[in-house]
Amino acid sequence: LSMSGHKLYGLKGVGGLYIKPGTPVRGLVVGGAHELGMRAGTENVAGIVAFGSAAKLAGKALAAEAISLTELRRNFFGAITDTIERVRINGHLEDRLPGTLNMCFEGISGPRLVTEMNSKGVAISAGSACTSVGTSHSHVLLGMGMNKDDAAASVRISLGRSNTPEHVETIMNFLPALIASLREEFKSEGHVDEAEC
């Protein structure tokens, strides 16, 4: 089990790794005998302490945050589907992480939506949480049976403890027009919009 500190609102660049006893592993960085010879170099003590504190705080807030993020996610998705046509949720509507939405906006380029949202101060992703920007399709979405066009039109939106209903309202003030504009742009580039076939 690997854990990243920043996913718990801790510092970036520190995390934890649990290895089941007896599991054969080999160190990646050599030159020292730290961690029973598994790593070299001095530990980031301040980062480790911060990670522990962040984990303790996250554990205390876990249940309450799950409830509030689930409600915010439901309201956000409802606002999207009430105002934008041809949007589908990727995966199960309810059986998912509380603050995560992965959606297909048919007839757009997901990376273009990411760029436009970023220009408005909203960070979303066209890939998984751990992939960098690229042109390859999500192997997870393809594995779920999605075609390449829909996978390329999909984005991931993650909500966190600092997000509020006001943030959702701000996004919804421009998202419907932005999606309409991106669909027109997509068609003008010669892409076939399956809704018109």
Side-chain angles (χ1 to χ4, degrees), residues 1-4 6-8 12 65-66 68-197:
L1 170 68
S2 61
M3 301 159 275
S4 297
H6 68 277
K7 296 292 185 179
L8 300 171
K12 290 184 179 179
E65 281 190 9
S68 63
L69 285 175
T70 297
E71 181 180 1
L72 188 62
R73 183 200 73 221
R74 285 177 181 153
N75 292 341
F76 193 14
F77 185 66
I80 289 171
T81 55
D82 285 348
T83 56
I84 302 172
E85 295 179 349
R86 297 164 46 220
V87 179
R88 290 192 323 273
I89 191 91
N90 296 328
H92 195 277
L93 182 60
E94 291 297 326
D95 191 13
R96 62 190 317 112
L97 292 173
T100 305
L101 281 171
N102 193 304
M103 297 170 290
C104 172
F105 291 88
E106 294 177 25
I108 69 158
S109 161
R112 279 285 292 130
L113 178 58
V114 170
T115 300
E116 290 300 317
M117 293 286 275
N118 187 59
S119 73
K120 297 179 182 305
V122 179
I124 65 172
S125 174
S128 70
C130 301
T131 59
S132 59
V133 175
T135 57
S136 63
H137 300 92
S138 165
H139 69 280
V140 174
L141 294 179
L142 296 177
M144 291 168 56
M146 186 174 287
N147 65 52
K148 288 184 177 181
D149 289 340
D150 286 349
S154 294
V155 296
R156 180 184 49 82
I157 300 173
S158 296
L159 304 168
R161 68 171 58 146
S162 64
N163 292 122
T164 65
E166 290 75 26
H167 291 130
V168 170
E169 185 178 344
T170 298
I171 292 170
M172 292 310 301
N173 284 335
F174 65 78
L175 187 60
L178 176 57
I179 295 296
S181 172
L182 290 177
R183 284 177 173 158
E184 286 302 314
E185 177 183 292
F186 196 71
K187 283 196 301 187
S188 71
E189 292 174 352
H191 299 281
V192 176
D193 190 336
E194 290 186 4
E196 298 182 347
C197 295

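Fair warning: this is a prediction, and the values are worked out from it, not measured in the lab.
- Of all the heavy atoms in Met146 and Ser154, the pair that sits closest is SD-OG, 3.7 Å.
- A salt bridge does not link Arg183 to Glu106: none of the charged nitrogens lies less than 4.0 Å from a carboxylate oxygen.
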message: Applying side-chain contact (heavy atoms from CB on, under 4.5 Å) to Leu178 and Phe105, what does each step give before you reach the verdict?
response: CA-CA 11 Å; Leu178 176 57; Phe105 291 88; over 6 Å; no
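- In this structure, CG on Asp149 lies 12.0 Å from CD1 on Ile108, to the nearest 0.5 angstrom.
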- request: Could you give me the CA-CA distance, side-chain angles and deciding distance for Asn75 and Val168, then say whether side-chain contact (heavy atoms from CB on, under 4.5 Å) is met?
  value: CA-CA 8 Å; Asn75 292 341; Val168 170; 5.8 Å; no
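- With hydrogens and angles ignored, the 3.5 Å screen pairs no side-chain donor or acceptor of Arg156 with any backbone N or O of Ser125.
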task: Just do the side-chain contact (heavy atoms from CB on, under 4.5 Å) check on Asp150 and Arg88 with the steps written out, would you?
output: CA-CA 10 Å; Asp150 286 349; Arg88 290 192 323 273; 2.8 Å; yes
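- His92 pairs with exactly one of Asp95, Asn90, Ile89 by the side chain to side chain contact (heavy atoms under 4.5 Å, CB included) rule, that one being Asp95.
- The closest side-chain heavy-atom distance from Phe76 to Ile171 is below 4.5 Å.
- Counted by atom type alone, His167 and Thr164 present one or more donor-acceptor pairs between their side chains at under 3.5 Å.
- Here the closest non-hydrogen pair linking Pro111 and Ala126 is N-CB, 4.0 Å.
- The salt bridge (charged side-chain N to carboxylate O under 4.0 Å, His left out) search around Arg96 returns none, not counting sequence neighbours.
- For Asn163 against Leu159, the heavy-atom pair with the smallest separation is OD1-CA, 3.3 Å.
- When the salt bridge (charged side-chain N to carboxylate O under 4.0 Å, His left out) test is applied to Glu185, the partners found at least two apart in sequence or on another chain are Arg112.
- Residues Thr100 and Arg73 share a closest heavy-atom pair of O-CD, 3.4 Å.
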task: Would you please test Leu113 and Ile179 for side-chain contact (heavy atoms from CB on, under 4.5 Å) and show each step?
output: CA-CA 8 Å; Leu113 178 58; Ile179 295 296; 4.0 Å; yes
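- For the atom pair Arg161 CZ and Leu8 CG, the distance stands at 8.0 Å (nearest 0.5 Å).
- Side-chain atoms of Thr70 come within 3.5 Å of backbone atoms of Ala66 as a donor-acceptor pair (strictly under, hydrogens ignored).
- Side chain of Ser4 to main chain of Lys7: no donor-acceptor pair is present (N/O by atom type, distance under 3.5 Å, no hydrogens or angles).
- Atom CG of Leu72 is separated from atom CD of Glu65 by 11.5 Å, given to the nearest 0.5 angstrom.
- We find that Lys187 and Glu184 are joined by a salt bridge, their nearest charged nitrogen and carboxylate oxygen being less than 4.0 Å apart.
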